[in-house]
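Reading through the structure tokens given below for one structure.
Here is how names work: the chains are called A, B, and so on, in the same order as the sequence lines, proteins then strands, and each is numbered from 1.
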Amino acid sequence: MVPVPRSLLEGDAPVVAPLLLNKLLAHGACVGRIVEVEAYRQDDPASHTFRGMTPRNAVMFGPPGHLYVYFTYGMHYCANVVTSPEGIGAAVLLRALEPVDGIELMRARRGDRVPLSDGPAKLCQALAIGPEHNGADVCLGRQVRLLDDGMPPPDEPLVGPRIGISRAVDVPWRFRVPPGQIRHDRR
DNA sequence: GGAACGATCTGC
DNA sequence: CAGATCGTTCCC
């Protein structure tokens, strides 16, 4: 069980995104395996950074390996991992986790609703990721951390268009672990 | 200053 | 399928 090195995260978002599949996202005692992600690049009309840097998206223009947490629809938080070098704004949205550890706590935070973490806002709620984690370094193993337990990314991830956007709707930058290959335990 | 719109989720 | 609910962005 080792931290994901920053060098793995710095690169073209649609290339890095599938590499995050099967990595672990941890916060305190709660751990989930990343099973669905989406890539967002600066030259991408669907990206928050498409029109340049603003106070909200500033973290995406910072160094790779930091969490970009944004508030949306007046009630939800979503989390991304920054994948671009400083000065460029790109990130990978974490869309779904398979719960691994701390499931009882995740269930309680979700108000006993199931599933626990199969959406970008649900996984933030289950792991108690919020605005206080915007900018957090997931490679340093402090609060929210990105870990590798030796489970490699899938050889052939499912690929398709991104969900819930209104621009660049056909760009196939959504990546999933195929059903049947999802592991709910740790190595 | 104001209006429109979300990288969503839930319950009907 | 519509409502919740409010920060961000953009236009005047």
Side-chain angles (χ1 to χ4, degrees), chain A residues 9-21 23 25 27 30 32-84 88-99 103 105-136 138 144 146 153 157-177:
Chain A
L9 301 174
E10 179 167 355
D12 196 24
V15 174
V16 174
L19 302 180
L20 291 184
L21 295 175
K23 296 292 184 288
L25 186 70
H27 184 206
C30 295
R33 190 176 298 283
I34 298 171
V35 295
E36 182 177 344
V37 296
E38 285 176 357
Y40 289 89
R41 234 164 52 171
Q42 190 172 350
D43 63 352
D44 162 20
S47 174
H48 289 173
T49 54
F50 184 61
R51 293 165 198 275
M53 187 162 70
T54 67
R56 174 172 76 150
N57 66 25
V59 170
M60 281 182 72
F61 288 88
H66 291 252
L67 217 54
Y68 166 53
V69 179
Y70 68 91
F71 181 64
T72 191
Y73 289 102
M75 60 186 81
H76 299 300
Y77 292 97
C78 298
N80 300 250
V81 175
V82 176
T83 62
S84 45
I88 298 177
V92 172
L93 172 69
L94 304 177
R95 280 202 67 90
L97 302 179
E98 183 65 20
I103 296 178
L105 181 51
M106 294 169 76
R107 199 196 315 276
R109 287 178 177 145
R110 286 273 303 136
D112 286 322
R113 284 180 299 258
V114 289
L116 297 181
S117 53
D118 67 342
K122 292 185 211 175
L123 74 86
C124 282
Q125 188 180 20
L127 265 61
I129 294 173
E132 67 272 27
H133 301 108
N134 190 38
V138 295
V144 181
L146 201 53
L158 299 183
V159 183
R162 296 169 294 181
I163 303 291
I165 56 174
S166 57
R167 291 166 297 203
V169 294
D170 293 326
V171 175
W173 286 351
R174 176 176 176 238
F175 305 91
R176 298 172 54 199
V177 177

At 4.0 Å (heavy atoms only), tell me whether [X] reaches a base, stays on the sugar-phosphate, or touches nothing.
X	value
A/Tyr40	base
A/Arg162	nothing
A/Ile165	sugar-phosphate
A/Ala121	sugar-phosphate
A/Arg110	sugar-phosphate

(Q) Checking side-chain polar atoms at under 3.5 Å, does A/Arg109 have a donor or acceptor matched by the opposite partner on A/Gln125? (A)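 A/Arg109 vs A/Gln125: no donor-acceptor pair found between side chains.
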Nearest-Å distance, [atom1] ([X]) to [atom2] ([N])?
X	N	atom1	atom2	answer
A/Tyr73	C/dG3	OH	P	15 Å
A/Asn57	C/dC10	CG	C1'	15 Å
A/His76	C/dT8	NE2	P	16 Å

Q. Nearest nucleotide by nearest heavy atom, which residue falls closer to the 5' end of DNA chain B, A/Pro115 or A/Tyr68?
A.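 Closer to the 5' end of DNA chain B: A/Tyr68.
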Q: For A/Asp170, look at atom CG and say whether over 12 heavy atoms of other residues, nucleotides or ligands are found less than 6.0 Å away.
A: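 Counting other residues, nucleotides and ligands, CG of A/Asp170 stays at 12 neighbours or fewer.
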(Q) Pairing check on B/dT10: which nucleotide meets the Watson-Crick or G-U wobble criteria with it, both distances under 3.5 Å? (A)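 B/dT10 is paired with C/dA2.
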(Q) Using a 4.0 Å cut-off to any heavy atom of chain A, which nucleotides of DNA chain B are the first and last in contact, reading 5' to 3'? (A)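 So the outermost contacting nucleotides come out as B/dG6 to B/dT10.
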Q | A/His48 and A/Tyr68 aromatic ring geometry - parallel, tilted or perpendicular at 30°/60° bounds | A |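 If you compare the ring of A/Tyr68 with that of A/His48, the planes turn out perpendicular.
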Q: Work out which heavy atom in A/Ile129 is nearest to a heavy atom in A/Tyr77; give both atom names and the distance.
A: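 Result for this residue pair: O-CB, 4.2 Å.
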**Q.** Closest approach of A/Pro14 to A/Phe175 (non-hydrogen atoms, all atoms of both residues)
**A.**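 Shortest heavy-atom contact: O-CZ, 3.6 Å.
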Q: Nearest 0.5 Å please: distance from the CG atom of A/Leu93 over to the CD1 atom of A/Ile165.
A: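 Spacing of CG (A/Leu93) from CD1 (A/Ile165) equals 10.5 Å.
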